[in-house]
Amino acid sequence: MANSESLEKNIVSIKHLSFSRGSRKIFDDISLDIARGKITAIMGPSGTGKTTLLKLIGGQLSPDHGQIHVDGQNVHRLKSKDLFNLRKRMGMLFQSGALLTDMNVFDNVAFPLREHTHLPESMIRSLVLMKLHAVGLRGARNLMPSELSGGMARRVALARAIALDPLMIMYDEPFTGQDPISMGALVHLIKSLNNALGLTSIIVSHDVQETAAIADYIYVLSEGKIVGQGTPQQLADSDSEWVQQFMNGNADGPVPFQYPAPDYLDDLLSSHSTTAN
Amino acid sequence: MFEFLENLGKATRSSFAKLGRSTLFLGHTLTGIGDVIPRPNLLIKQIYSVGVLSFLIITISGLFVGMVLGLQGFYTLSDFGAEESLGVMVAASLVRELGPVVSALLFAGRAGSALTAEIGLMKATEQLSGMEMMAVDPVKRIISPRFLAGFISTPLLAALFSAVGVMGGHLVGVGMLGVDDGAFWAQMQANIDFQEDIINGVIKSIVFGFVVSWIALFEGYDAIPTAEGVSRATTRTVVNSAFSILGLDFILTALMFGDI
């Protein structure tokens, strides 16, 4: 068990986490803490396992080594009933929204309430309308998921994620593929919900500007390691070349523009083989 | 040679692994049925989707199969002057074999493939994963009601198939070919045994319903969550269901009617 002081301060505590898929190492002995009541961002290029990290925190995957504590409980030692109880206190916003396609917006938001509570239907209605109002979609309650734009689907998913008033919400790439207005709405929502509901937010993203604008603390991951961490300002001032490349979006740097290949001239002159070896 | 052995080993291992996964999945599904009983709405919705919507294809197919049996039976029986036995021939063929087998094959094609595609797409669009993160067990919430609905619907559809088939046989035999109406029904009544024919047919369709629902739901749940993965899983559902239905039909027939 984590000690009480760090439990008070951190809602998620990851210690020496290693995780592999087949022979590919996704995380190699990483440790990080997520502070209560703050917005913490986990950033890194595509394919660094950011979504995998959320699935590990949510107990959907098990680590090879190391421990993950959420609100003082070791996620991977819990029995499935206790894990499900813990998940009721975690919201997760999937990249696709993951709305149930055979239900309308209202029923999607009501889903966790109907599954986990015995509230009367009139109260469920009020709660659902309040959550939908918070994300600005009270008027869209009768639409089916197929009738929503990508940004609206994510906002409905967000209303559903806060339906049970969780302690924390994990956002998986919330800004990917959004137009500027939807993006602005989501940035505003994440920030205001975090403050108004006293949540803890974990944002996994590679959209540097939007994430840096609202995050209190950022971890930058690459190739299974944490390569930088700090407040957005500290990262902007970082002297790590890697962090600078990522934060400024430079095409070339420690992460090379070219995929590893043999010498260019040799490659052009050797006409016998088409393979790069 | 080594490569052949290596591939054979890999294929065997993955088949056993899949068998293990499907058995665990079945166990999980069956334990979830207890949670479906207090929520009949979930079950009714699925019975509508897999059962009621299969009504038309079963009725039309049953009618044509019965009509063909009437025609073929009449020409064969008339060689022996036994046209009056047409009723019993049509009814025995339907309740013993064609009713359970053809309706299960149609069920696999109509409802089984739809179940696989639905579950596979729910997996691909992270709906199952999302449900897990909302602390709702997707097997209990999504799979178990569908399994129970398939299990309940198949024997009812088989009964419908047989009943409509008998009507089709009657239409052709009595209505068009002039078999005596009284003899058609009386011979059927006298020679179709409730225990031997009807109950055995019902047992067959219950077994087929169990297996087809299991295969369809497992293939969807185990599908690779991509467009290609779901399409392959749907094909596997239809092919594996057909093999299982026909193989099990032989085994059940041998146990019920044979002296093996």
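Chain letters run A, B, ... following the sequence lines, proteins first and then strands; every chain starts at 1. Computed from a predicted model, the values in this text were never measured in an experiment.
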> Does B/Arg21 CZ have over 12 foreign heavy atoms under 6.0 Å away?
yes

> With a 4.5 Å cut-off on side-chain heavy atoms, are A/His116 and B/Val136 touching?
yes

> Tell me which of these, B/Glu126, B/Met122, B/Arg39, B/Glu118, has more heavy-atom pairs under 4.5 Å with chain A than the rest.
B/Glu126

> So with a 6.0 Å cut-off around CZ of A/Arg114, is the heavy-atom count from everything else above 12?
yes

> Taking atom CD1 as the centre, does B/Ile224 end up with more than 12 heavy-atom neighbours from other residues, nucleotides or ligands that are less than 6.0 angstrom away?
no

> What part of A/Met92 lies closer than 4.5 angstrom to a heavy atom of chain B: side chain, backbone, both or neither?
side chain

> Verify the neighbour count for atom CE of A/Met103: are there more than 12 heavy atoms of other residues, nucleotides or ligands below 6.0 Å?
yes

> Nearest 0.5 Å please: distance from the NZ atom of A/Lys55 over to the OG atom of B/Ser129.
4.0 Å

> So for atom CE, which belongs to A/Met130, do other residues, nucleotides or ligands contribute more than 12 heavy atoms lying within a distance under 6.0 Å?
no

> Which value, rounded to the nearest 0.5 Å, describes the distance between A/Phe84 atom CZ and B/Met134 atom CE?
11.0 Å

> May I ask you to check whether over 12 heavy atoms, not counting those of B/Met167, lie within 6.0 Å of atom CE?
no

> Around A/Glu121, counting heavy atoms of other residues, nucleotides and ligands shown, do more than 12 lie under 6.0 Å from its CD?
yes

> Show the nearest heavy-atom pair for residues A/Phe94 and B/Gly130, with the distance to one decimal.
CE1-CA, 3.3 Å

> Select, from A/Pro112, A/Ser80, A/Ser96, the one with the greatest count of heavy-atom pairs under 4.5 Å involving chain B.
A/Ser96

> Atom CG in B/Asp137, atom NZ in A/Lys81: separation rounded to 0.5 Å?
14.0 Å

> Could you state the interatomic distance from CD (B/Glu132) to CG (A/Leu83), rounded to the nearest 0.5 Å?
9.0 Å

> More than 12 foreign heavy atoms under 6.0 Å from CZ of B/Arg232: is that the case here?
no

> Check whether B/Gln127 reaches the backbone of A/Thr101 with its side chain - one donor and one acceptor, N or O, closer than 3.5 Å.
yes

> So, taking the atom named CD in A/Gln60 and the one named CE in B/Met133, what distance separates them when rounded to the nearest 0.5 Å?
5.5 Å

> Measuring from A/Leu100:CG to B/Leu128:CG, what's the distance to the nearest 0.5 Å?
9.0 Å

